[in-house]
Amino acid sequence: MSKITIAIDGFSSTGKSTVAKQIANHLGYIYVDSGAMYRAVTLYAVQNAIISKEKFDKETLIKHLSRIDLTFNFNKALGYAEVYLNRVNVEHLIRTLEISGYVSKVAAISEVRHKLVAIQKQLGVNKGVVMDGRDIGTVVFPNAELKIFMIASAEKRAKRRYKELIDRGDDITYEAVLKNVTERDYIDTHREDSPLVKAEDAIELDNSDMTIEEQLDHVLGLISNTLAP
Ligand code: DC
């Protein structure tokens, strides 16, 4: 069966990566978490004192972009590819609230987007890819055969993210997570370069009241319709 491209966009913590990983495994496709790439660039900036509580040195970050090498390596045990920054696995380091606090500002820098979008397009050149993010259906793969736009209330999303962070041992409050979620929604939808918008031909999926199993069934139905309309 010929392979297609599946673009999954939506607000932060809508469960894009959960469903994207499931369907990539189901179809034997590559899964790419584009948000992880923006997070890895942010981590680089923090590790190199380009971004801190006191400063956000956009010009220096732009100058450093050529030194940032991003790759994905498949982790068999986890069943998905993890992101590597300059050959170091940073999957865990990029998911902190500190990185979440800066990442939307980094993702608003056009030079950063330009570099990452080029890598993302290359990763999908042979199709058979499920990529999630904010601009996948609009900018990275405007010709994707299936585009899904995921939404859920800010409270539901913050609850999910809070549970994830607590489960991995982080010391945070629900209020701090909710604040981060709403701030990122604002920056992601208001930035000048490729703001988060639903592609005209994307199918909206509100999973506020869906279980993970219901969501998977629903998306598999959308895929069947796309493969054999
Ligand atoms: O999906 P995430 O929360 O890991 O994404 C982190 C940030 O990166 C998010 O605030 C917006 C940005 N992002 C983006 O601008 N474009 C993408 N394709 C993916 C993520």
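Read the numbers this way: they start at 1 and go in the same order the structure lists the ligands and their atoms.
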Heavy-atom cut-off of under 4.0 Å around ligand 1: list whichever protein residues fall inside it, by chain and number.
S34, G35, Y38, R39, V103, S104, A107, R113, G133, R134, D135, I136, R161, R184, D188, R191

Step by step, work out the side chain to side chain contact (heavy atoms under 4.5 Å, CB included) result for R184 and R134.
CA-CA 12 Å; R184 281 202 289 147; R134 304 294 188 287; 3.9 Å; yes

Among L70, T42, V117, I94, exactly one meets side-chain contact (heavy atoms from CB on, under 4.5 Å) together with M37. Which residue is that?
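Running side-chain contact (heavy atoms from CB on, under 4.5 Å) over L70, T42, V117, I94 with M37 returns exactly one hit, L70.
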
Pair [X], [Y]: side-chain N/O donor-acceptor within cut-off below 3.5 Å:
X	Y	value
R157	S208	no
S17	D33	no
D132	Y31	yes

Running the 4.5 Å side-chain criterion over Ile, Leu, Val, Met, Phe, Trp and Tyr, what cluster does L178 land in, apart from itself?
L97, Y162, L165, I166, I172, Y174, V177, V181

